[in-house]
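The structure under discussion appears below in the form of structure tokens.
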Amino acid sequence: MKKCIVISDSFKGTLSSIEICEIAEQTIKTVFPKCEVIAIPVADGGEGTVTCFEKAMGAKIVKATVSNPYNEKIVANYSKIDNKAIIEMASAAGLPMVGENKNPEITSTYGVGELISHAISNGSTEILLGLGGSATNDLGCGCAAALGAKFIDKTGKSFIPTGETLKNIVNIDI
């Protein structure tokens, strides 16, 4: 074999796309030592999207303190190339963050909005948002709230919706 192209997404919960590409390249070279191996890690918008852009395009990694799905502060990453930010929802609201504590009724995408806001504050005028791997079911309302949208309940009070409280929205002020 003269050339082999390996393009792989991650194997959720086991190996990243980068790890799979590295293993494939080493294994192919063991069997076919003269083979040219082109390994391209990819992601579907979920975990690993930012890392794939970093590796493929030399994007700079930016760190930001944001909220996780349960509103606890974490440090999440996004990639930046010139005025473009590449953000993966999974870095702030991802399924791996909740472990066995899966409850989309009370989780939020608020941290995703915080990442977008951070990117804008740091000069990004274009945002590529990967939407895979979410632990949430709030229809992006948490993200919108972090970016300034107000969700109003029947008492006139503003709140940050979760999957469980979407039914309480009677007005949205954008």
Side-chain angles (χ1 to χ4, degrees), residues 9-17 41-54 57 59-174:
D9 196 349
S10 64
F11 292 173
K12 191 173 278 300
T14 57
L15 296 170
S16 72
S17 58
V42 296
D44 63 1
E47 301 87 18
T49 299
V50 165
T51 305
C52 287
F53 272 92
E54 176 193 16
M57 301 178 71
K60 179 179 100 174
I61 295 293
V62 179
K63 296 182 180 301
T65 300
V66 299
S67 304
N68 75 5
Y70 287 110
N71 201 30
E72 302 159 333
K73 291 299 179 189
I74 59 162
V75 175
N77 299 335
Y78 63 92
S79 293
K80 190 161 184 212
I81 305 169
D82 301 322
N83 66 331
K84 298 169 185 67
I86 299 97
I87 297 171
E88 65 186 49
M89 174 185 260
S91 67
L95 202 49
M97 300 176 139
V98 299
E100 294 303 313
N101 189 22
K102 295 176 179 83
N103 188 349
E105 289 184 341
I106 60 175
T107 55
S108 173
T109 56
Y110 194 85
V112 178
E114 291 175 310
L115 275 175
I116 293 169
S117 180
H118 189 276
I120 292 168
S121 295
N122 283 284
S124 295
T125 57
E126 295 181 41
I127 307 285
L128 173 67
L129 179 60
L131 296 177
S134 175
T136 64
N137 196 19
D138 70 353
L139 304 177
C141 290
C143 177
L147 293 168
K150 302 278 187 237
F151 296 88
I152 314 297
D153 67 16
K154 66 182 177 186
T155 68
K157 184 179 178 209
S158 175
F159 70 103
I160 299 169
T162 63
E164 182 177 49
T165 63
L166 288 171
K167 65 183 180 278
N168 301 335
I169 301 170
V170 296
N171 193 18
I172 303 171
D173 180 359
I174 56 169

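One-based numbering along the sequence shown.
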Is there a side-chain contact between [X] and [Y], using heavy atoms and a 4.5 Å cut-off?
X      : Y      : value
Leu129 : Glu88  : no
Cys141 : Leu166 : yes
Ser17  : Val42  : no

More than 12 heavy atoms from other groups under 6.0 Å of NZ on Lys63: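 No - once you tally the heavy atoms of other residues, nucleotides and ligands closer than 6.0 Å, there are 12 at most.
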Heavy-atom count around Lys73 NZ within 6.0 Å, excluding the residue itself: above 12?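 Count over threshold, so yes.
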Supply the atom-to-atom distance [X] [atom1] to [Y] [atom2], rounded to the nearest 0.5 angstrom.
X      : Y      : atom1 : atom2 : value
Lys102 : Leu95  : NZ    : CG    : 5.5 Å
Ile87  : Glu114 : CD1   : CD    : 11.5 Å
Thr165 : Ile160 : OG1   : CD1   : 9.5 Å

Is there any side-chain hydrogen bond (donor to acceptor under 3.5 Å, both in side chains) pair reaching into [range], and which pairs are they, with sequence neighbours excluded?
range            : answer
residues 135-144 : Thr109-Asp138, Ser134-Thr136
residues 140-154 : Asp153-Thr155
residues 42-51   : Lys12-Glu47

Measure from the side-chain N and O atoms of [X] to the backbone N and O of [Y], and report whether any donor-acceptor pair falls under 3.5 Å.
X      : Y      : answer
Ser124 : Ala119 : yes
Ser79  : Ile86  : no
Glu105 : Gly163 : no
Ser121 : Ser117 : yes
Lys60  : Glu54  : no
Ser108 : Tyr110 : yes

Closest approach of [X] to [Y] (non-hydrogen atoms, all atoms of both residues):
X      : Y      : answer
Ile174 : Ala149 : CG2-CB, 4.2 Å
Asn103 : Tyr70  : N-OH, 3.2 Å
Ala93  : Val112 : CB-CG2, 3.9 Å
Ala135 : Thr107 : O-OG1, 2.8 Å
Ala43  : Cys52  : N-SG, 4.0 Å
Ala64  : Leu115 : CB-CD2, 4.0 Å

Between Leu128 and Phe53, does the side-chain contact (heavy atoms from CB on, under 4.5 Å) criterion hold? Intermediate values first, please. CA-CA 11 Å; Leu128 173 67; Phe53 272 92; 3.3 Å; yes
Answer yes if the side chains of Asn83 and Thr125 hold a donor-acceptor pair under 3.5 Å, and no otherwise.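 There is such a pair between these side chains.
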Going by atom types alone, do Glu72 and Ser67 pair a side-chain donor with an acceptor below 3.5 Å?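 Judged by distance alone, the side chains do not pair up.
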Should Val50 and Ile61 be marked as a side-chain contact (heavy atoms from CB on, under 4.5 Å) after you check the CA-CA gap, both sets of side-chain angles, and the distance that decides it? CA-CA 8 Å; Val50 165; Ile61 295 293; 3.5 Å; yes
Check the pair Asn77, Ser91 against side chain to side chain donor-acceptor pair (under 3.5 Å), reporting the backbone distance first and the verdict last. CA-CA 7 Å; Asn77 299 335; Ser91 67; over 6 Å; no
Begin from the C-alpha positions of Val62 and His118 and carry the test side-chain contact (heavy atoms from CB on, under 4.5 Å) through to its verdict. CA-CA 9 Å; Val62 179; His118 189 276; 3.7 Å; yes
Are Ile116 and Cys143 close enough, and set up right, to give a side-chain contact (heavy atoms from CB on, under 4.5 Å), and what steps lead you there? CA-CA 9 Å; Ile116 293 169; Cys143 177; 3.8 Å; yes
